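Here's the structure we're looking at; comments come further down.
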Amino acid sequence: MNFDPLDDGWWRAGAWLNWWDSSRDNSDIGWVPDAGRARAYVTRHRRVALSALGLAWSYRTVETGQMHALDPRLPADGGAMLWRSLFALSLLDVGLPVMVGSRMSTTPGAAGFTAVRLPAYVKDIRPTLEELGYNPVEIASVGGMGSLRGRRQYDRHNLVTAQLAVAARRRGWMTCGEAWGSFAMLTGDPLRGQGGPDLQMVGPSVRVCVETTASGHMELAGKTEQWKRMLALDSCADVHVVWLECSRVNLLNQIEGHIADSPRMHAARAADFLKNFVCTDGWSPEPGDGVEPRDWMEPVMADIGARLGLPAAGSFRRPPALKGLWLG
C-alpha cells in the first residue's frame, strides 16, 4: 500500500508513533534476529546500511517506503532483514502506528506502515559503527556534527517532510533534510545557529527551504520574522521559503498574513503542494537542469589546498563505499 502521512486515519491517537526502543534487551522478541546474525547481515550490506542511517539522521522519522523512494537499494518492506538487523544492533528504533478502534499490530511490516529513527535512548551510535568496521569518513557521512542519536521527534510532521522530499526528488531536485538544513550551513555563518528549515530543495540557481507548520501560535510569527532576516543576507539571495500548512484546521490565511510583505516567501496547503508544487500566489519552483552532487568535502579540501600551496587537494576522494552516495 502507498503510505500517506496526511491521512488522519493514522493519527487518531495523536501525532506520534508507538516506538520499539532498540537500546533495551529485545532478544525475546520473535522478529528480532540475534546479534551475530544481525552483525553478519549489516557487514555484508555495508553501503546500504550506511545510507539507511544517513537518511534516518537527516529526516528524523522516515517510513520504510519513503526510504526506498529516496534510495531504491533500501527495502520498502518494514519487515525486511535490514531494518530488523539495524534494530537488533541498537542502530535504529522501529515505530508503528497507534491504531484506535482496531487490533494494533506490533510486528514491522504488518502494521500498516513501519517507520525508523536513530535510537532515542542511545547516547551515540558511533562506537557501534566503529565496531562494525566503518572508518571515520564513513561515520562522518551519516551525520556531520554532534552525537548520532535520535533527535526531537514530531513523527507526523517529519513523515510529511520526508514525503515531500520523495516528491521533490521525482521532480529533479536534490534534497537536504532537517539535520543538514541548519541556518549555519545555509548561510555559511556558524553564528546563525543550528535551527533551520524542515527541508531544502536544491537546484542550480535556487534553493527552496520548506517549513511545515501545524500550529498557529506565537512561534509561527517568530519563525517568519527570523526568515525575513535570513532572506536579507547576501548569502541567501537565491533562497525562497515555502510555508506548508499541514494542520487539521485551516491556518493558511494566518500564514499568508505573516508573509504578505516578503516576495520570496510563499504558502501552500501540504496536500496541494505535494500534487503540483504550486503555491497560493502562483509561484512554482523549478529545479532547472539539476545539480550534480560533488565529491564529499571536495570544496573544503580545495580551499585548504589553496592556502597550503597544494592545488591538487581538491581531488580528494571519498572511500569507495561512499561513491555516488547522496545522503541528503
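Note that the coordinates shown come from a computational prediction; the quantities given were computed from them, not determined experimentally.
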(request) Scan D25, N26, D21 and name whichever one has a side chain to side chain donor-acceptor pair (under 3.5 Å) with S23. (result) D21

(message) Ignoring hydrogens and geometry beyond distance, is a side-chain donor-acceptor pair present between T161 and D198 at under 3.5 Å?
(response) no

(request) For the pair S262 (side chain) and I259 (backbone), establish whether a donor and an acceptor sit closer than 3.5 Å, ignoring hydrogens and angles. (result) no

(request) Report whether V94 and I29 are members of the same hydrophobic cluster (ILVMFWY, side-chain heavy atoms less than 4.5 Å apart, transitive linking). (result) yes

(request) Verify the distance criterion only: is there a donor paired with an acceptor across the side chains of W243 and E256 at less than 3.5 Å? (result) no

(request) Give a yes-or-no answer on whether the side chains of S247 and E245 include a donor-acceptor pair shorter than 3.5 Å. (result) yes

(request) Identify whether F277 and L252 are in the same connected component of the hydrophobic contact network (ILVMFWY, side-chain heavy atoms under 4.5 Å). (result) no

(request) Indicate yes or no for a side-chain donor-acceptor contact from E63 to the backbone of G65 under 3.5 Å, with no hydrogens or angles considered. (result) yes

(message) Could you go through E178 and S58, starting from their C-alpha distance and side-chain angles, then the distance that decides it, and tell me whether this counts as side chain to side chain contact (heavy atoms under 4.5 Å, CB included)?
(response) CA-CA 6 Å; E178 180 180 354; S58 181; over 6 Å; no

(message) Check whether R84 reaches the backbone of G79 with its side chain - one donor and one acceptor, N or O, closer than 3.5 Å.
(response) yes

(request) Evaluate the salt bridge (Lys or Arg N to Asp or Glu O under 4.0 Å) criterion for residues D124 and R149: first the C-alpha distance (whole Å), next the side-chain angles of each, then the deciding distance (0.1 Å), finally the verdict. (result) CA-CA 5 Å; D124 196 333; R149 60 185 300 273; over 6 Å; no

(request) Establish, from distance only, whether the side-chain atoms of T175 and Y59 form a donor-acceptor pair under 3.5 Å. (result) yes

(message) If you count heavy atoms of other groups shown closer than 6.0 angstrom to CG of D28, is the number above 12?
(response) yes

(request) Could you point out which residue of W19, W16, W11 forms a side chain to side chain donor-acceptor pair (under 3.5 Å) with D155? (result) W19

(request) Go through R171 and E286 one step at a time and tell me if the salt bridge (Lys or Arg N to Asp or Glu O under 4.0 Å) criterion holds. (result) CA-CA 8 Å; R171 286 176 171 264; E286 293 292 340; 5.6 Å; no

(message) Side chains of V206 and W173, heavy atoms from C-beta outward: is any pair under 4.5 Å?
(response) yes

(message) Can you classify the ring geometry of W227 versus F183 as parallel (below 30°), tilted (30 to 60°) or perpendicular (above 60°)?
(response) perpendicular

(request) On the 0 to 90° scale, with breaks at 30° and 60°, tag the W283-H266 ring pair as parallel, tilted or perpendicular. (result) parallel

(request) Check whether NZ of the Lys or CZ of the Arg R24 lies under 6.0 Å from the centre of the six-membered ring of Y121 and within 45 degrees of that ring's axis. (result) no

(message) Determine whether the aromatic ring centres of residues W83 and W31 are separated by less than 6.0 angstrom.
(response) no

